[in-house]
2 protein chains.
Amino acid sequence: MSTPVPGPTIYDVAAAAGVATSTVSRAFSNPTRVNATTRERVLAVATELGYRPNPHARALLSGRNHTIAMVVSDITNPHYFELIRGAEMRARASEYTLVLVNAEESPRVEYEQIQRLASSVDGFVLAASRLPDENLRQIAVQRPVVLMSRELAGLSSVVLDHVQGCRQVVEHLASLGHQDVVYLAGPRNSWMAATRWSALRSAAEALGIRATRIGPFTPRVSQGGAAADGALHAGATAIVAHNDLLAIGVLRRLAQRAVRVPDDVSVVGFDNIFAADLCTPTLTTLGGAHADLGRSAVEILLEAVAPVRTKESAPQVVLPTELVLRGSTGPAARPAV
Amino acid sequence: MSTPVPGPTIYDVAAAAGVATSTVSRAFSNPTRVNATTRERVLAVATELGYRPNPHARALLSGRNHTIAMVVSDITNPHYFELIRGAEMRARASEYTLVLVNAEESPRVEYEQIQRLASSVDGFVLAASRLPDENLRQIAVQRPVVLMSRELAGLSSVVLDHVQGCRQVVEHLASLGHQDVVYLAGPRNSWMAATRWSALRSAAEALGIRATRIGPFTPRVSQGGAAADGALHAGATAIVAHNDLLAIGVLRRLAQRAVRVPDDVSVVGFDNIFAADLCTPTLTTLGGAHADLGRSAVEILLEAVAPVRTKESAPQVVLPTELVLRGSTGPAARPAV
DNA sequence: CTGAAAGCGCTAACAA
DNA sequence: TTGTTAGCGCTTTCAG
């Protein structure tokens with residue numbers, strides 16, 4: 001089954017068209033610097049022979065190969081799916097190839113994979129990187145980098161506006177009369193987890209309600225049990241989970257324990273994944289245009305990889321969130337007897 | 001922000017270690033054919049200098065670059081997510097790089113992308129390819145190919161056992177007393193859609209119940225409305241949707257029309273996506289180990305790309321399905337008055 | 001506008 | 001076991 005076919009080279013084309021290899025090369029990569037007539041002849045011969053430029057040879061010279069890598073911290077989270085989708089579409093639109101790598105929530109794996117790819121891709125999109133700041137800075141010296149769902153001074157990034165978003169969440173809960181909210185924290189080295197907590201806490205402070213953090217939890221449905229129990233134990237009337245998966249796990253556990261949502265306790269998630277609109281009750285969650293995040297990250301990366309306007313800046317894009325109200329939040333229960 | 005750093009070459013290493021470039025090369029790619037002592041010295045110098053082999057140069061010689069592409073017919077379908085996950089894990093385990101491409105349900109886009117990548121990747125995994133047989137055969141001549149969720153004589157493939165699976169579905173419905181099942185067909189050029197229908201039909205025939213097909217439908221939630229209406233119009237007591245997304249859309253529409261599930265009509269999907277267990281009612285669906293599909297496809301592809309045992313066959317793997325019974329199927333309604 | 005020729009970094013004969 | 005020497009296919013000065 002299939003043998004790597006050799007394929008014609010510019011030598012074959014040059015010979016067949018009666019020109020030098022450099023002319024063939026120019027006809028393809030520098031069309032303006034070759035006579036229109038000869039160019040067309042060359043191109044005609046090329047297509048006739050079925051010539052296709054060898055990307056490896058091209059990459060050897062230029063060092064670039066129209067390929068970028070997207071490294072996601074945990075591919076099992078459906079939330080990333082949207083990011084990947086957006087990134088893939090944007091990359092393809094510019095005829096860039098997208099390499100996908102999963103870091104399995106492990107900084108070590110993440111770093112190793114990045115180093116493995118560093119010399120074979122033109123740049124990196126790092127989604128929710130778990131690497132320490134200094135590593136990121138060091139990588140950014142080797143290759144252009146755009147961070148997603150993480151910010152670091154001096155590096156390009158694309159994030160959702162969680163300061164604003166978390167405030168909305170807290171205001172929503174406060175307006176329902178909640179006085180005690182518990183945040184179920186995400187992974188220890190997740191920038192998002194830290195950001196959400198700090199945003200929630202200051203919003204809570206501003207509104208004069210209590211905010212507690214418990215965790216960290218691996219943000220999976222399966223962790224919802226422990227998380228829910230912990231939250232109830234902490235005496236919360238409102239639970240804000242690090243993401244929708246964890247929130248769904250919490251809903252399950254609460255149902256199991258016959259705790260009514262939202263009558264007894266309200267639950268809020270993050271990400272607005274597809275399933276958030278299907279679970280019972282449906283989940284109130286802080287969403288945003290995640291595919292746009294992916295798109296935007298790639299767009300910024302491409303600009304860094306192949307600059308058009310020579311602006312040497314590191315844009316830090318912040319996209320708006322949207323609080324999607326559904327069935328899992330409601331008025332705070334009366335203080336327990 | 002970041003300049004593509006030059007980096008040391010084997011010349012630098014060779015000079016620093018006082019050996020020839022070929023020795024350096026061998027020390028890396030053919031360790032046995034170089035004196036242990038010099039090898040270690042070379043490697044020491046190499047790491048000291050921070051030398052990393054240039055993959056482009058290597059690829060130029062060998063024609064291979066430890067990279068495979070996975071082309072999915074529609075990346076918006078969360079079902080593919082699992083396939084991608086499995087494929088990525090398997091590829092990474094063998095230090096292969098996985099390129100991800102979305103074909104947007106368009107055979108033209110699919111073909112173009114494959115041709116664009118043909119000379120820069122070592123092989124292809126084509127997930128639910130929408131290309132005509134002859135195109136697939138032609139591609140398989142250029143590069144090793146493994147099909148997923150599609151079979152074609154002479155090509156490697158990995159599929160779930162839908163003949164068996166569809167029989168289970170029909171038997172399940174028949175055992176509940178259903179006499180009329182409607183299949184909501186998937187895309188016209190989907191091999192899976194054709195396969196499912198033929199398997200459903202023959203199973204129905206064997207059991208003496210009626211099977212009708214309507215469609216094709218784009219398998220999205222949004223198409224569930226039209227699909228549900230069509231199915232009711234066809235007088236079905238049981239609806240088998242091409243996939244879970246469509247099935248969920250059907251459930252929504254039925255709820256809207258106050259048709260009770262499963263009391264008035266039963267609904268079955270395919271894929272067992274995460275959301276199938278969260279919707280209301282929960283969805284009976286034909287699932288399978290989708291991540292294993294991805295894993296398996298990549299495994300076969302790697303064997304074709306870099307053969308270990310020289311077996312020149314084209315394995316056609318068939319993995320088992322599992323019928324997941326949930327709340328959307330129940331006894332057939334009594335014949336309408 | 002076009003051609004000749006020198007490499008990009010590495011591997012693979014072929015010699016030594 | 002190691003070194004020498006051609007290239008892989010393409011781009012890019014530098015002449016013409």
Side-chain angles (χ1 to χ4, degrees), chain A residues 3-43 45-46 49-67 117-122 142 306, chain B residues 3-43 45-46 49-67 117-122 142 306:
Chain A
T3 324
V5 166
T9 74
I10 49 171
Y11 288 95
D12 303 319
V13 178
V19 296
T21 61
S22 48
T23 303
V24 178
S25 174
R26 279 189 280 258
F28 278 91
S29 40
N30 231 331
T32 59
R33 304 207 321 180
V34 62
N35 182 301
T37 332
T38 47
R39 166 159 33 100
E40 281 180 31
R41 182 157 46 89
V42 169
L43 295 181
V45 173
L49 265 57
Y51 166 77
R52 308 194 62 105
N54 179 324
H56 302 316
R58 207 180 275 225
L60 178 53
L61 271 296
S62 66
R64 299 200 277 88
N65 64 354
H66 257 230
T67 299
L117 290 172
S119 46
S120 41
V121 302
D122 299 349
Q142 306 179 53
Chain B
T3 323
V5 165
T9 73
I10 47 173
Y11 288 96
D12 304 318
V13 178
V19 297
T21 62
S22 49
T23 303
V24 178
S25 173
R26 280 188 281 258
F28 278 92
S29 39
N30 230 331
T32 59
R33 303 208 321 180
V34 60
N35 183 302
T37 332
T38 48
R39 165 159 35 99
E40 279 179 34
R41 182 157 44 89
V42 169
L43 295 182
V45 173
L49 264 58
Y51 165 77
R52 307 194 61 107
N54 179 324
H56 302 315
R58 207 180 273 223
L60 178 53
L61 271 295
S62 66
R64 299 200 276 85
N65 63 355
H66 257 230
T67 299
L117 290 171
S119 44
S120 41
V121 302
D122 298 348
Q142 305 178 54

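Naming convention: chains lettered A, B, ... in sequence-line order (proteins, then strands); numbering from 1 in each chain.
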Chemist: In whole angstrom, what separates A:R52's CZ from D:dC10's P?
Modeler: 12 Å
Chemist: How many Å lie between CG on A:N30 and P on D:dC10, as a whole number?
Modeler: 16 Å
Chemist: Which value, rounded to the nearest 0.5 Å, describes the distance between B:L43 atom CG and B:T38 atom OG1?
Modeler: 9.5 Å
Chemist: Can you check the A:R33 CZ to D:dT11 P distance for me, whole Å?
Modeler: 12 Å
Chemist: Between the side chain of A:N65 and the main-chain N/O of A:S120, is any donor-acceptor distance below 3.5 Å?
Modeler: yes
Chemist: Tell me what B:Y51 touches on the nucleic acid: a base, only sugar-phosphate, or nothing, going by heavy atoms under 4.0 Å.
Modeler: sugar-phosphate
Chemist: Answer whether the closest heavy-atom distance between the side chains of B:V34 and B:T23 falls below 4.5 Å.
Modeler: yes
Chemist: Measure from the side-chain N and O atoms of A:S62 to the backbone N and O of A:R58, and report whether any donor-acceptor pair falls under 3.5 Å.
Modeler: yes
Chemist: Nearest whole angstrom, please: distance from the C1' of C:dC8 to the CG of B:D12.
Modeler: 13 Å
Chemist: Give every pair of a protein N or O atom and an N or O atom of nucleotides 3-7 of chain D that lie under 3.5 Å apart, one pair per line with the distance.
Modeler:
{"residue": "D:dG3", "atom": "OP2", "partner": "B:A20", "partner atom": "N", "Å": "2.9"}
{"residue": "D:dG3", "atom": "OP2", "partner": "B:T23", "partner atom": "OG1", "Å": "2.6"}
{"residue": "D:dG3", "atom": "N7", "partner": "B:S22", "partner atom": "OG", "Å": "3.2"}
{"residue": "D:dG3", "atom": "N7", "partner": "B:R26", "partner atom": "NH2", "Å": "2.8"}
{"residue": "D:dG3", "atom": "O6", "partner": "B:R26", "partner atom": "NH1", "Å": "3.2"}
{"residue": "D:dT4", "atom": "O4", "partner": "B:S22", "partner atom": "OG", "Å": "3.2"}

Chemist: Counting side-chain heavy atoms from CB outward, which of D:dT1, C:dC10, C:dT2 is closest to A:N35?
Modeler: C:dT2
Chemist: Any sub-3.5 Å donor-acceptor pair from B:R33's side-chain atoms to B:R26's backbone N or O?
Modeler: no
Chemist: Quickly work out the A:H56 NE2 to D:dC10 C1' distance and round it to whole Å.
Modeler: 13 Å
Chemist: Rounding to an integer number of Å, can you tell me how far A:N54 CG sits from C:dC8 C1'?
Modeler: 13 Å
Chemist: Is there a side-chain contact between B:T9 and B:D12, using heavy atoms and a 4.5 Å cut-off?
Modeler: yes
Chemist: Can you tell me if the side-chain N/O atoms of A:T9 get under 4.0 Å from OP1 or OP2 in D:dG9?
Modeler: no
Chemist: Ignoring hydrogens, what is the shortest heavy-atom contact between A:V19 and A:V42? Give both atom names and the distance.
Modeler: CG2-CG2, 4.1 Å
Chemist: Roughly, in whole Å, what's the span from CG in B:L60 to P in C:dT11?
Modeler: 11 Å
Chemist: Can you tell me which nucleotide in C:dT2, C:dC10, D:dT11 comes closest to the side chain of B:I10?
Modeler: C:dC10
Chemist: What nucleotide, of C:dT2, D:dC10, D:dT2, holds the atom closest to the side chain of B:T38?
Modeler: D:dT2
